[in-house]
*Asks:* 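Sharing a structure below in structure tokens format, with a few things to ask.
The basis for the numbers below is simple: all heavy atoms, side chains too, and nothing from hydrogens, waters or symmetry mates. Below, read A as the first sequence line, B as the second, and so on, with proteins coming before strands; counting in each chain starts at 1.
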Amino acid sequence: MSAAQTNGGGGVILRLEDVHTYYGAIHALKGISLDVREGEIVTLIGANGAGKSTTLRSINGLNHPRRGRIVFQGRDITNEPPHEVVKMGISQSPEGRKLFPRMTVRENLEMGAFQRRDRANFKEDVDRVYSLFPRLAERRNQNAGTMSGGEQQMCAIGRALMARPKLLLLDEPSMGLAPIFVEKIFEIVREINEQGTPILLVEQNALMALDAAERGYVMETGRIALADDAHALRQNEQVRKAYLGET
Amino acid sequence: MNRRRPGFVSALGLALVVLLVIWLVGNFVNSPSEFVNVLFIGLNYGAVYGLVALGYTIIYGILQLINFAHGDVFALSGLVSWTLLVSWLGITEDSAMLVTVAGILITLVVAMAFFAAVNAGIEFVAYRRLRSAPRLAALITAVGVSFIVQNVALAIYDVDFRSATGLIPRTDIFVAGGVSYQWNKLFVLLVTVPVLILLTWFVRATRQGKAMRATAQDRDAAAMMGINVNRTISISFALAGALAASAGLLYLLSFNMRYDTGFELGLIAFTAAVLGGIGNLTGALLGAFTIGLIQAFNEGLTWYTPGSDWTRSIVFGILIAILVFRPEGLLGERTPEGA
Ligand SMILES: Nc1ncnc2c1ncn2[C@@H]1O[C@H](COP(=O)(O)OP(=O)(O)OP(=O)(O)O)[C@@H](O)[C@H]1O
Ligand SMILES: [Mg+2]
């Protein structure tokens, strides 16, 4: 637990302390502790059902933890409703994209900026998203529900960027995409990060996620099993066997 | 979703539509002026049904809840409008025209605001806690709220009918070749059309309207965009309540009403919403005008017409026919549940 325990002081933007989250009686998170620091990409990997998406739902207020604490920029957000969490600067591209299917691409992007009052920069931000994803510019007036999976994924990421987040949560941005699209998405994730946004990246594609990230956490059935530098995790015997498909 | 329809069932459906068209054309040829006069009546039915049907469809769209209480909220709003207009403002048939119009407009605004609050209150008290409960729980609750609202109306207004049908004169605006149009008919449209324009503007162009559409399409995603979902749902109920109150006042100006008027009218408006494709605002209006016209034609035409005794059978026959032939309604999209 060395990396997770490091007390980065001012550098830590998000901290989860012993978070327990339930779905009814199902105990999905059994004490998650993790940090995200300014400027970094942190990845959260693990098998299906480990609790990665639930961790994100706990952070963004859709599923409040029953125990533990979530602190963002020094503020306790454990029990804040989702719209307040967004207002504070955490936005998300959720698992399965969750676009508004009967709104156009442009309207979806507009919804991403919903909680922002500064309409002045809106155009600039839309243009930034279009320059990251030229395909979206071509499709701007198409209903989001009618786009291909890859296009929808771009739109979901673009929509999350429209909030000008201080922290970006990405849940399986490469899911269901062709290898060439996956490369492209990871390139853009790096680019967004280089422009200054810290990212918490949930991924099935552990290899690429660990390549992109500075640090990583490995989840197993509701717990953090491993926490280390991404590079160290890539070398880790256990990780290589379980998640990188090596024998 | 390829549901196979037996050939003879769709043939039957087609035959019904053909019969309907023959009947309408026959009546038109038989007496064009009667046909047009009846059509005007149908537009008014359609307007009132539409204002109520929109409430069903807005709530269904955002919560997937059939708000059975909606018809009763409509009826109570009509009765409360009567109290405002007749008891408190003292408007009678003898009032000066300007006074009457001002009184009606004041009543309209006050009733819409009041029932916006009432309907939002109903959501807050009765439905909010059940949002993640099984659908059946919310549905049963809606039936319960329907009884409560109806019995509140009964307790306050007893079983007597209230009416304010004489306030808008039934004098002709024009008569031409047997076709005539009266002020009381025009008045209904003079209220309905601006209300609908306002609603369209609200849903299409305002921040809150966009939040409503987003919440209806994906509630979790809406929350992740920073939309206050609870507030958006409250506003949707307020909107539905205000629309019901506008319908309540219009109905009061045309017909007698009492505590249970909302039961049947609510079912008809619900049928209209299903006919148009529940969840779809334009669809609700389309369904409402279709049913309003069918009702008026059935009650007013004379050439091979079943007559008013058959109106209910026909309207609910239509409901069954839609569920069989086109469960998603005229403008609705097929949802995963196939509803
Ligand atoms: N809505 C729900 N109701 C009940 N249990 C749920 C619900 N959502 C998730 N769970 C359970 O919580 C656990 C964690 O699920 P979660 O979606 O967080 O996993 P995940 O790590 O994101 O998996 P995946 O890689 O498949 O996306 C699982 O056991 C899952 O069955
Ligand atoms: Mg997941």
*Asks:* Would you name the heavy atoms of B/Ala223 and A/Leu62 that are closest together and state the gap between them?
*Replies:*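 Minimum heavy-atom separation between B/Ala223 and A/Leu62: CB-CD2, 4.0 Å.
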
*Asks:* Could you tell me the separation between the CG atom of A/Asn108 and the CE atom of B/Met225, rounded to the nearest 0.5 Å?
*Replies:*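 Nearest 0.5 Å value for the CG-CE distance: 8.0 Å.
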
*Asks:* Check whether any side-chain heavy atom of B/Asn228 sits under 4.5 Å from a side-chain heavy atom of A/His83, and report yes or no.
*Replies:* yes

*Asks:* Look at atom CZ of B/Phe316 and say whether more than 12 heavy atoms of other residues, nucleotides or ligands are closer to it than 6.0 Å.
*Replies:* yes

*Asks:* Using side-chain contact (heavy atoms from CB on, under 4.5 Å) as the criterion, point out the one residue from B/Lys210, B/Gln217, B/Met224 that pairs with A/Met111.
*Replies:* B/Lys210

*Asks:* Looking only at heavy atoms, what is the nearest atom pair of A/Phe114 and B/Ala211, with distance?
*Replies:* CZ-CB, 3.7 Å

*Asks:* Verify the neighbour count for atom CZ of A/Arg75: are there more than 12 heavy atoms of other residues, nucleotides or ligands below 6.0 Å?
*Replies:*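 Counting other residues, nucleotides and ligands, CZ of A/Arg75 stays at 12 neighbours or fewer.
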
*Asks:* A/Pro101 versus chain B, heavy atoms under 4.5 Å apart: side chain, backbone, both or neither?
*Replies:*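 Both backbone and side chain.
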
*Asks:* Establish, for the pair B/Arg213 and A/Phe100, whether the NZ or CZ atom is under 6.0 angstrom from the six-membered ring centre and no further than 45 degrees off its axis.
*Replies:*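 Cation-pi check for B/Arg213 and A/Phe100: fails.
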
*Asks:* Using non-hydrogen atoms only, which part of A/Glu84 is less than 4.5 Å away from chain B: side chain, backbone, both, or neither?
*Replies:* neither

*Asks:* Should we count OH of A/Tyr23 as having more than 12 external heavy atoms under 6.0 Å?
*Replies:* yes

*Asks:* Looking at A/Lys87, A/Glu110, A/Met162, A/Met103, which one has more heavy-atom pairs under 4.5 Å with chain B than the rest?
*Replies:* A/Met103

*Asks:* Count the heavy-atom pairs under 4.5 Å between each of A/Arg97, A/Arg57, A/Gln115, A/Lys98 and chain B, then report the option with the highest count.
*Replies:* A/Lys98

*Asks:* For B/Arg131, does the CZ atom have more than 12 heavy-atom neighbours from other residues, nucleotides or ligands under 6.0 Å away?
*Replies:* yes

*Asks:* For A/Arg66, look at atom CZ and say whether over 12 heavy atoms of other residues, nucleotides or ligands are found less than 6.0 Å away.
*Replies:*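 Counting other residues, nucleotides and ligands, CZ of A/Arg66 exceeds 12 neighbours.
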
*Asks:* Among the options A/Arg116, A/Arg102, A/Gln92, A/Arg159, pick out the one with the most heavy-atom pairs lying under 4.5 Å from chain B.
*Replies:*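 Result: the option with the highest number of such pairs is A/Arg102.
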
*Asks:* With a cut-off of 6.0 Å (strictly less than), are more than 12 heavy atoms of other residues, nucleotides or ligands near NZ of A/Lys184?
*Replies:* no

